[in-house]
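Throughout, a chain's letter reflects where its sequence line sits, starting with A, and its residues are numbered from 1. Quantities reported herein were computed from a predicted structural model and do not represent experimental measurements.
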2 protein chains.
Amino acid sequence: MSTTHFNTKERILGAAEELFAQHGFAGTSLRQVTSRADVNIAAVNYHFGSKENLVNEVFRRRMDEMSERRLALLRKAREEKPGDLEAILAAFIEPPLALTLDRHGGSAFVRVLARAYAEKNDGLRKFLSDNYGHVLREFAKAIHQALPGLGKEDLYWRLDFTAGALTYAMSDFGLIKRPSGVPEKVHCEKAAQALIRFAAAGLRAPA
Amino acid sequence: MSTTHFNTKERILGAAEELFAQHGFAGTSLRQVTSRADVNIAAVNYHFGSKENLVNEVFRRRMDEMSERRLALLRKAREEKPGDLEAILAAFIEPPLALTLDRHGGSAFVRVLARAYAEKNDGLRKFLSDNYGHVLREFAKAIHQALPGLGKEDLYWRLDFTAGALTYAMSDFGLIKRPSGVPEKVHCEKAAQALIRFAAAGLRAPA
DNA sequence: GTCTATAATTGGATAGAC
DNA sequence: GTCTATCCAATTATAGAC
């Protein structure tokens, strides 16, 4: 612990996260990373072994926390408001959106996440599916209980649509740009509320 | 015209499209492209001048047709079924999904499109926004007329969510995989119907 | 239009001193 | 743990023969 944020390893992770968000994984060179982190080029291989492993570690650092937060909120929602679809969706949506408000570069990570969805092959998708796939399955189970009338196939389609909408919204693609008068925090809360309403209505649509 | 599909230029475009879908733009080298297209390495610079321009041309080839098809269907929907939200959404969703059924590599292009959304800076986003942004604005207008009660801000949010869901669904990320017993064509039509229902319900949600 | 050959640069990774 | 220096493979791009 202690000054984790200022040692070499953390500086590399932070710089890599920002550059991956901006230029993608293949589009970012280790030289750019070490230059931005203001560390020596050899440090990345010393601490991470390879570029591929650096990519994985960039994910692990945020995903572990985000997944636990999602599952904790889901557990709480199922206890306190059983069958409440909006509460389930909030548990899914809020942790990633909260990252965009994080003081320390979490905002870059949500765009890195969007990148990951576009990566087709490579170890990365397997890494994510292996380590965090159970989270998505847990949410599928909860929504199935909240909407027992919805068939499995439609449920999966609509979950995919929801994940796509979330990814898109998180990455400030698209039409919506934060107006300069509106604070980031307010903008994010609006996004979360809008998405929960949209997805809840979509999930409840007649089959 | 004539044998456009078998000359060098078209072969390069086709090979590039497939590789871009699989490995991204930065992750694909021109040598991979020319190797798969079975043309000489120098041909790509002769025909396209640079890698960046090749990327743009890969987009132009499909986007021109797709955008015209979207606008034509939208025009038809507004004439024949004025105010019919589902018809508007169908006009937006069907052309890209139809590409996945295209005999000649259109299926790769939809994944290339998803890649494009993840590209943050670069000339590509500007190229797409400059050349095809008016299509999205046209759909925004149509939906605004179909749902006059929906405020501008919510409309834009929900349009972004819809575009995200579409992108995600097109790219076979996520949970849904086509079962081996189901033909591609049936799978795509199911996806389109499911998405139209989902998005229509989401757009109609109370503010 | 297509080829060979090569220039000029940049990439990931490592060896070895400190 | 951190540095310099370097290796070696791969990249984009071009020059010039055919």
Side-chain angles (χ1 to χ4, degrees), chain A residues 1-61 112 115-116 119-124 127, chain B residues 1-59 61 112 115 119-124 127:
Chain A
M1 260 288 145
S2 68
T3 58
T4 53
H5 197 70
F6 299 98
N7 62 25
T8 297
K9 212 168 165 179
E10 284 293 317
R11 284 220 308 283
I12 292 174
L13 286 170
E17 187 172 71
E18 290 170 24
L19 287 164
F20 289 161
Q22 217 164 47
H23 308 292
F25 308 111
T28 300
S29 73
L30 294 181
R31 300 180 124 85
Q32 289 175 283
V33 171
T34 53
S35 165
R36 172 178 294 221
D38 202 31
V39 303
N40 189 272
I41 171 70
V44 64
N45 270 289
Y46 175 78
H47 286 287
F48 298 97
S50 69
K51 183 178 180 176
E52 185 180 343
N53 193 248
L54 170 61
V55 172
N56 287 351
E57 291 305 315
V58 164
F59 277 91
R60 192 194 309 279
R61 183 171 65 147
V112 176
R115 291 264 178 195
E119 296 294 323
K120 182 74 182 165
N121 283 335
D122 310 313
L124 182 54
F127 173 85
Chain B
M1 259 287 145
S2 71
T3 59
T4 53
H5 197 70
F6 299 97
N7 62 24
T8 297
K9 210 167 166 178
E10 283 294 316
R11 283 220 308 285
I12 292 174
L13 285 170
E17 188 172 69
E18 288 170 26
L19 288 164
F20 289 161
Q22 216 164 49
H23 307 293
F25 308 110
T28 300
S29 74
L30 294 182
R31 300 182 119 84
Q32 288 175 286
V33 172
T34 54
S35 164
R36 173 178 292 220
D38 202 32
V39 302
N40 189 272
I41 170 70
V44 63
N45 270 289
Y46 175 77
H47 286 287
F48 298 97
S50 72
K51 183 178 180 176
E52 185 180 342
N53 193 248
L54 170 63
V55 172
N56 287 351
E57 291 305 315
V58 164
F59 277 91
R61 183 171 66 147
V112 177
R115 291 265 179 195
E119 296 294 323
K120 182 74 183 166
N121 282 335
D122 311 314
L124 182 56
F127 172 85

Point to revise | Value rounded to 0.5 Å, distance of OG1 in B:T28 from CZ in B:R36 | key: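 That separation rounds to 9.0 Å.
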Rounded off to whole Å, could you give me the [atom1]-to-[atom2] distance for the [X] and [N] pair?
| X | N | atom1 | atom2 | result |
| --- | --- | --- | --- | --- |
| B:N45 | D:dA15 | CG | C1' | 12 Å |
| B:N53 | D:dA13 | CG | P | 10 Å |
| A:I41 | C:dT14 | CD1 | C1' | 11 Å |
| B:H23 | D:dT11 | NE2 | C1' | 16 Å |
| A:I12 | D:dT2 | CD1 | P | 8 Å |
| A:N40 | D:dT6 | CG | P | 15 Å |
| B:F25 | D:dT11 | CZ | C1' | 18 Å |
| B:F48 | C:dT2 | CZ | C1' | 15 Å |

Nucleotide of [options] approaching [X] most closely (side-chain heavy atoms):
| X | options | result |
| --- | --- | --- |
| A:L30 | D:dT2, C:dG12, D:dA13 | C:dG12 |
| B:Y46 | C:dT14, C:dG1, C:dA13 | C:dG1 |
| A:R31 | D:dT6, D:dA13, C:dT2 | D:dT6 |

Check your understanding: Counting only N and O atoms by type, is there a donor-acceptor contact under 3.5 Å from the side chain of B:R11 to the main-chain atoms of B:A37?
Key ->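 Here the side-chain-to-backbone pair exists.
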Exercise for review: Look only at the side chain of A:K9 and the backbone of A:V44, and say whether a donor-acceptor pair between them is shorter than 3.5 Å.
Suggested key: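 Here the side-chain-to-backbone pair does not exist.
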Practice item. Please work out if A:T28 contacts a base, only the sugar-phosphate, or nothing of the nucleic acid, heavy-atom cut-off 4.0 Å. Key: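 Sugar-phosphate contact only - A:T28 comes under 4.0 Å of backbone atoms but never of a base.
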Exercise for review: Could you say whether B:A42 or A:S50 is positioned toward the 5' end of DNA chain C, judged by the nucleotide with the nearest heavy atom to each?
Suggested key: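 The 5'-side residue here is B:A42.
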Review point. Would you say B:N40 and B:T8 make side-chain contact, with heavy atoms under 4.5 Å?
Key: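 A side-chain contact under 4.5 Å is absent here.
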Review point. So, do B:E57 and B:F48 sit near enough that their side-chain heavy atoms are less than 4.5 Å apart?
Key: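 Side chain of B:E57 against side chain of B:F48, heavy atoms only: contact under 4.5 Å found.
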Review point. Think A:T8 has a side-chain N or O under 4.0 angstrom from the OP1 or OP2 of D:dT2?
Key: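 So the side chain of A:T8 is within the cut-off, an N or O lying under 4.0 Å from OP1 or OP2 of D:dT2.
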Check your understanding: Under 4.0 Å: is that the gap between some side-chain N or O of A:S29 and OP1 or OP2 of C:dT10?
Key ->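 Result: no.
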